[in-house]
Amino acid sequence: MKLYYREVGEPTATPLIIVHGIFGSSDNWLTISKTIAAEGYRVILPDQRNHGQSPRSDDFSYVDMAADIHELITDLNLVNPILVGHSMGGKTMMQYVFTFPGTFASLVIVDIAPKFYPVHHGEILRGLAAIDLKNVRTRNEADAALTPYEPSPTVRQFLLKNLYREEVAGTSQFAWRLNLPVISREIHGVGEELTNPHPITERTLFIRGQRSPYILDSDWPAILQLFPNAQLVTINDAGHWVQAEQPAEFVRVLMAFLK
(Lines give C-alpha, C1' and ligand atoms only; values in the text may rest on other atoms or scores of the structure.)
Protein backbone atom coordinates (compact mmCIF):
# COMPACT_ATOMS: atom_id res chain seq x y z
CA MET A 1 0.00 0.00 0.00
CA LYS A 2 1.25 3.49 -0.89
CA LEU A 3 1.06 5.36 2.39
CA TYR A 4 0.50 9.09 2.67
CA TYR A 5 3.49 10.66 4.41
CA ARG A 6 4.98 14.00 5.42
CA GLU A 7 8.65 14.94 5.42
CA VAL A 8 10.59 17.35 7.62
CA GLY A 9 14.30 18.12 7.26
CA GLU A 10 16.91 18.00 4.52
CA PRO A 11 16.54 15.24 1.90
CA THR A 12 20.22 14.29 2.29
CA ALA A 13 20.09 13.99 6.09
CA THR A 14 19.97 10.69 7.99
CA PRO A 15 16.52 9.13 7.42
CA LEU A 16 14.33 8.59 10.46
CA ILE A 17 10.79 7.20 10.19
CA ILE A 18 8.21 7.78 12.94
CA VAL A 19 4.99 5.76 13.01
CA HIS A 20 1.99 6.86 15.08
CA GLY A 21 -0.32 4.77 17.23
CA ILE A 22 -3.98 3.72 17.07
CA PHE A 23 -6.40 6.58 16.26
CA GLY A 24 -3.40 8.79 15.42
CA SER A 25 -1.80 10.21 12.28
CA SER A 26 1.40 11.81 11.05
CA ASP A 27 0.03 15.17 12.18
CA ASN A 28 0.46 14.14 15.84
CA TRP A 29 4.26 14.07 15.39
CA LEU A 30 4.67 17.07 13.11
CA THR A 31 5.70 19.62 15.76
CA ILE A 32 8.24 17.43 17.54
CA SER A 33 9.62 16.19 14.20
CA LYS A 34 10.82 19.74 13.46
CA THR A 35 12.96 19.63 16.61
CA ILE A 36 14.32 16.21 15.63
CA ALA A 37 15.04 17.36 12.06
CA ALA A 38 17.02 20.32 13.42
CA GLU A 39 19.41 17.77 14.95
CA GLY A 40 20.35 16.56 11.46
CA TYR A 41 17.65 14.09 10.44
CA ARG A 42 15.27 13.65 7.53
CA VAL A 43 12.08 12.80 9.40
CA ILE A 44 9.44 10.83 7.49
CA LEU A 45 5.96 10.62 9.02
CA PRO A 46 3.59 8.14 7.37
CA ASP A 47 -0.09 7.68 8.11
CA GLN A 48 -0.68 3.97 8.74
CA ARG A 49 -3.36 2.22 6.68
CA ASN A 50 -6.92 3.03 7.77
CA HIS A 51 -5.62 6.20 9.43
CA GLY A 52 -5.15 9.78 8.33
CA GLN A 53 -4.85 10.33 4.60
CA SER A 54 -3.55 6.85 3.75
CA PRO A 55 -5.77 4.37 1.86
CA ARG A 56 -8.31 2.18 3.57
CA SER A 57 -8.24 -1.59 3.51
CA ASP A 58 -10.09 -4.55 5.00
CA ASP A 59 -6.66 -6.00 5.85
CA PHE A 60 -5.38 -4.58 9.12
CA SER A 61 -2.64 -6.68 10.69
CA TYR A 62 0.90 -5.98 11.82
CA VAL A 63 2.21 -8.06 8.92
CA ASP A 64 0.30 -5.79 6.53
CA MET A 65 1.42 -2.60 8.28
CA ALA A 66 5.05 -3.72 8.35
CA ALA A 67 4.88 -4.45 4.62
CA ASP A 68 3.54 -0.92 4.09
CA ILE A 69 6.59 0.53 5.83
CA HIS A 70 8.90 -1.65 3.74
CA GLU A 71 7.20 -0.41 0.57
CA LEU A 72 7.65 3.19 1.71
CA ILE A 73 11.35 2.62 2.46
CA THR A 74 11.81 0.98 -0.94
CA ASP A 75 9.94 3.71 -2.83
CA LEU A 76 12.01 6.44 -1.13
CA ASN A 77 15.28 4.53 -1.68
CA LEU A 78 16.13 4.79 2.01
CA VAL A 79 19.20 2.91 3.22
CA ASN A 80 19.05 1.61 6.79
CA PRO A 81 16.74 4.25 8.27
CA ILE A 82 16.25 4.75 11.99
CA LEU A 83 12.82 3.40 12.98
CA VAL A 84 10.64 4.97 15.68
CA GLY A 85 7.15 3.78 16.62
CA HIS A 86 4.70 4.74 19.35
CA SER A 87 2.12 2.32 20.78
CA MET A 88 0.54 0.46 17.84
CA GLY A 89 3.20 2.08 15.68
CA GLY A 90 5.82 0.55 17.95
CA LYS A 91 4.39 -2.89 17.31
CA THR A 92 4.35 -2.13 13.59
CA MET A 93 8.06 -1.32 13.77
CA MET A 94 8.80 -4.44 15.83
CA GLN A 95 7.01 -6.54 13.24
CA TYR A 96 8.97 -4.74 10.53
CA VAL A 97 12.37 -5.66 12.01
CA PHE A 98 11.19 -9.25 12.50
CA THR A 99 10.06 -9.49 8.86
CA PHE A 100 12.81 -7.42 7.22
CA PRO A 101 15.94 -7.92 9.37
CA GLY A 102 19.10 -6.07 8.49
CA THR A 103 17.33 -3.20 6.71
CA PHE A 104 17.48 -0.58 9.46
CA ALA A 105 20.10 1.21 11.56
CA SER A 106 18.46 1.26 14.99
CA LEU A 107 15.05 0.94 16.60
CA VAL A 108 13.17 3.13 19.08
CA ILE A 109 9.94 1.83 20.63
CA VAL A 110 7.79 4.28 22.58
CA ASP A 111 5.64 2.96 25.43
CA ILE A 112 4.67 -0.46 24.14
CA ALA A 113 5.99 -4.00 24.63
CA PRO A 114 5.72 -6.98 22.28
CA LYS A 115 3.43 -8.71 24.78
CA PHE A 116 -0.34 -9.31 24.50
CA TYR A 117 -2.63 -6.48 25.60
CA PRO A 118 -6.34 -7.04 26.19
CA VAL A 119 -8.75 -4.77 24.32
CA HIS A 120 -9.10 -1.50 26.21
CA HIS A 121 -10.35 0.88 23.52
CA GLY A 122 -13.92 -0.40 23.49
CA GLU A 123 -15.45 2.71 25.06
CA ILE A 124 -13.55 4.99 22.68
CA LEU A 125 -14.79 3.05 19.67
CA ARG A 126 -18.35 3.16 20.97
CA GLY A 127 -18.00 6.88 21.59
CA LEU A 128 -16.69 7.59 18.09
CA ALA A 129 -19.51 5.52 16.60
CA ALA A 130 -22.04 7.47 18.70
CA ILE A 131 -21.17 10.76 17.00
CA ASP A 132 -23.86 11.40 14.38
CA LEU A 133 -21.73 12.80 11.56
CA LYS A 134 -24.72 13.73 9.42
CA ASN A 135 -26.20 16.00 12.07
CA VAL A 136 -23.26 17.21 14.14
CA ARG A 137 -22.59 20.81 13.12
CA THR A 138 -19.58 21.77 15.24
CA ARG A 139 -16.60 20.16 16.91
CA ASN A 140 -18.04 21.20 20.26
CA GLU A 141 -21.14 19.12 19.52
CA ALA A 142 -18.94 16.17 18.58
CA ASP A 143 -16.97 16.64 21.81
CA ALA A 144 -20.19 16.66 23.83
CA ALA A 145 -21.31 13.41 22.20
CA LEU A 146 -17.95 11.77 22.96
CA THR A 147 -17.70 12.96 26.57
CA PRO A 148 -19.85 10.17 28.15
CA TYR A 149 -17.43 7.63 26.67
CA GLU A 150 -14.10 9.41 27.27
CA PRO A 151 -13.78 11.74 30.29
CA SER A 152 -10.34 13.15 29.42
CA PRO A 153 -10.52 16.41 27.41
CA THR A 154 -6.96 15.81 26.17
CA VAL A 155 -7.80 12.37 24.80
CA ARG A 156 -11.02 13.68 23.24
CA GLN A 157 -9.12 16.48 21.53
CA PHE A 158 -6.63 13.92 20.18
CA LEU A 159 -9.44 11.70 18.87
CA LEU A 160 -11.41 14.54 17.30
CA LYS A 161 -8.40 15.58 15.23
CA ASN A 162 -9.58 12.77 12.97
CA LEU A 163 -12.69 14.75 12.02
CA TYR A 164 -12.65 16.69 8.75
CA ARG A 165 -15.29 18.24 6.54
CA GLU A 166 -16.26 16.82 3.17
CA GLU A 167 -18.84 17.83 0.60
CA VAL A 168 -21.79 15.44 0.33
CA ALA A 169 -24.52 16.33 -2.19
CA GLY A 170 -23.55 19.97 -2.03
CA THR A 171 -23.57 20.03 1.78
CA SER A 172 -20.55 20.17 4.07
CA GLN A 173 -20.55 17.54 6.80
CA PHE A 174 -18.06 15.87 9.08
CA ALA A 175 -16.32 12.60 8.18
CA TRP A 176 -13.65 10.44 9.79
CA ARG A 177 -10.07 10.02 8.64
CA LEU A 178 -10.29 6.65 10.40
CA ASN A 179 -11.68 3.46 8.94
CA LEU A 180 -13.78 2.86 12.05
CA PRO A 181 -15.60 -0.27 10.83
CA VAL A 182 -12.35 -2.14 10.13
CA ILE A 183 -10.54 -0.83 13.22
CA SER A 184 -13.50 -1.87 15.39
CA ARG A 185 -13.61 -5.31 13.80
CA GLU A 186 -9.85 -5.91 14.10
CA ILE A 187 -9.19 -4.21 17.44
CA HIS A 188 -8.34 -7.54 19.11
CA GLY A 189 -5.42 -7.95 16.72
CA VAL A 190 -3.97 -4.58 17.72
CA GLY A 191 -3.11 -6.04 21.13
CA GLU A 192 -1.68 -9.32 19.87
CA GLU A 193 1.67 -10.63 21.09
CA LEU A 194 4.57 -10.38 18.66
CA THR A 195 7.17 -13.13 18.54
CA ASN A 196 10.25 -13.92 16.49
CA PRO A 197 12.49 -17.02 16.37
CA HIS A 198 15.68 -14.94 16.16
CA PRO A 199 16.77 -12.07 18.41
CA ILE A 200 17.20 -8.61 16.92
CA THR A 201 20.76 -7.53 17.69
CA GLU A 202 20.66 -3.95 16.45
CA ARG A 203 20.72 -1.21 19.09
CA THR A 204 17.21 -0.69 20.43
CA LEU A 205 15.74 1.86 22.81
CA PHE A 206 12.48 1.43 24.71
CA ILE A 207 11.04 4.64 26.15
CA ARG A 208 8.21 4.54 28.65
CA GLY A 209 6.23 7.08 30.63
CA GLN A 210 6.54 6.93 34.40
CA ARG A 211 2.75 6.94 34.82
CA SER A 212 2.06 4.53 31.97
CA PRO A 213 1.21 0.86 32.62
CA TYR A 214 2.21 -0.31 29.14
CA ILE A 215 5.79 -1.43 29.90
CA LEU A 216 6.18 -2.98 33.35
CA ASP A 217 9.45 -3.89 35.04
CA SER A 218 8.31 -7.51 34.82
CA ASP A 219 8.11 -7.21 31.01
CA TRP A 220 11.80 -6.41 30.61
CA PRO A 221 13.29 -9.97 30.70
CA ALA A 222 11.01 -11.07 27.84
CA ILE A 223 11.85 -7.92 25.87
CA LEU A 224 15.57 -8.62 26.25
CA GLN A 225 15.09 -12.11 24.82
CA LEU A 226 13.85 -10.52 21.58
CA PHE A 227 16.06 -7.42 21.73
CA PRO A 228 19.28 -8.31 23.61
CA ASN A 229 20.89 -4.92 22.83
CA ALA A 230 17.94 -2.96 24.18
CA GLN A 231 17.95 -0.31 26.87
CA LEU A 232 15.01 1.14 28.75
CA VAL A 233 14.54 4.80 29.68
CA THR A 234 11.67 6.03 31.86
CA ILE A 235 10.54 9.64 31.39
CA ASN A 236 9.14 11.19 34.55
CA ASP A 237 5.78 12.96 34.76
CA ALA A 238 4.55 11.31 31.58
CA GLY A 239 1.88 8.77 30.71
CA HIS A 240 1.36 6.82 27.50
CA TRP A 241 1.73 9.85 25.20
CA VAL A 242 5.30 10.47 26.35
CA GLN A 243 6.32 12.59 23.36
CA ALA A 244 3.34 14.92 23.78
CA GLU A 245 3.55 15.25 27.56
CA GLN A 246 7.32 15.72 27.84
CA PRO A 247 8.52 16.68 24.34
CA ALA A 248 11.82 18.29 25.34
CA GLU A 249 12.85 15.35 27.52
CA PHE A 250 11.71 12.90 24.85
CA VAL A 251 13.94 14.54 22.24
CA ARG A 252 16.85 14.69 24.69
CA VAL A 253 16.55 10.95 25.41
CA LEU A 254 16.19 10.13 21.71
CA MET A 255 19.22 12.21 20.72
CA ALA A 256 21.35 10.75 23.53
CA PHE A 257 20.59 7.28 22.16
CA LEU A 258 21.14 8.16 18.49
CA LYS A 259 24.32 10.17 18.97
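Keep in mind that the numbers below use all heavy atoms, side chains included, and drop hydrogens, waters and symmetry copies.
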Listed partners of T31 passing side chain to side chain donor-acceptor pair (under 3.5 Å), at least two apart: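 Testing T31 for side chain to side chain donor-acceptor pair (under 3.5 Å), a comparison that skips the adjacent residues, returns none.
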Donor-acceptor contact below 3.5 Å, side chain D111 vs main chain S87: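 No, because the side chain of D111 does not come within donor-acceptor range (under 3.5 Å) of the backbone of S87.
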Hey, does the Lys NZ or Arg CZ of R203 hover above the aromatic six-ring of F257, less than 6.0 Å from the centre and inside 45° of the axis?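 Yes; both conditions hold, so R203 lies above the ring face of F257.
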Atom CD in Q95, atom NZ in K91: separation rounded to 0.5 Å?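 One finds 10.5 Å between CD of Q95 and NZ of K91.
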For the atom pair OG1 (T92) and NE2 (H86), what is the distance rounded to the nearest 0.5 Å?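 These two atoms lie 12.5 Å from each other.
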Over 60° means perpendicular and under 30° means parallel, so tell me whether Y214 and H240 are parallel, tilted or perpendicular.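 Y214 vs H240 ring planes: parallel.
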Looking at E141, I'd like to know if its CD atom is crowded, meaning that more than 12 non-hydrogen atoms belonging to other residues, nucleotides or ligands lie closer than 6.0 Å.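 Correct, the count exceeds 12.
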Y5 and D47, any side-chain heavy atoms less than 4.5 Å apart: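 They are not in contact (no side-chain heavy atoms under 4.5 Å apart), so the answer is no.
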Shortest non-hydrogen separation from [X] to [Y] and the atoms involved:
X: P46; Y: I69; answer: CG-CD1, 4.1 Å
X: H20; Y: S26; answer: CD2-N, 3.8 Å
X: V190; Y: F60; answer: CG2-CE2, 3.9 Å

Establish, yes or no, whether a centroid distance under 6.0 Å links the rings of F98 and F227.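 That pair passes the under 6.0 Å test.
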Given the side-chain rings of W176 and Y164, with only the six-membered ring counted for Trp, is the space between their centroids under 6.0 Å?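 No.
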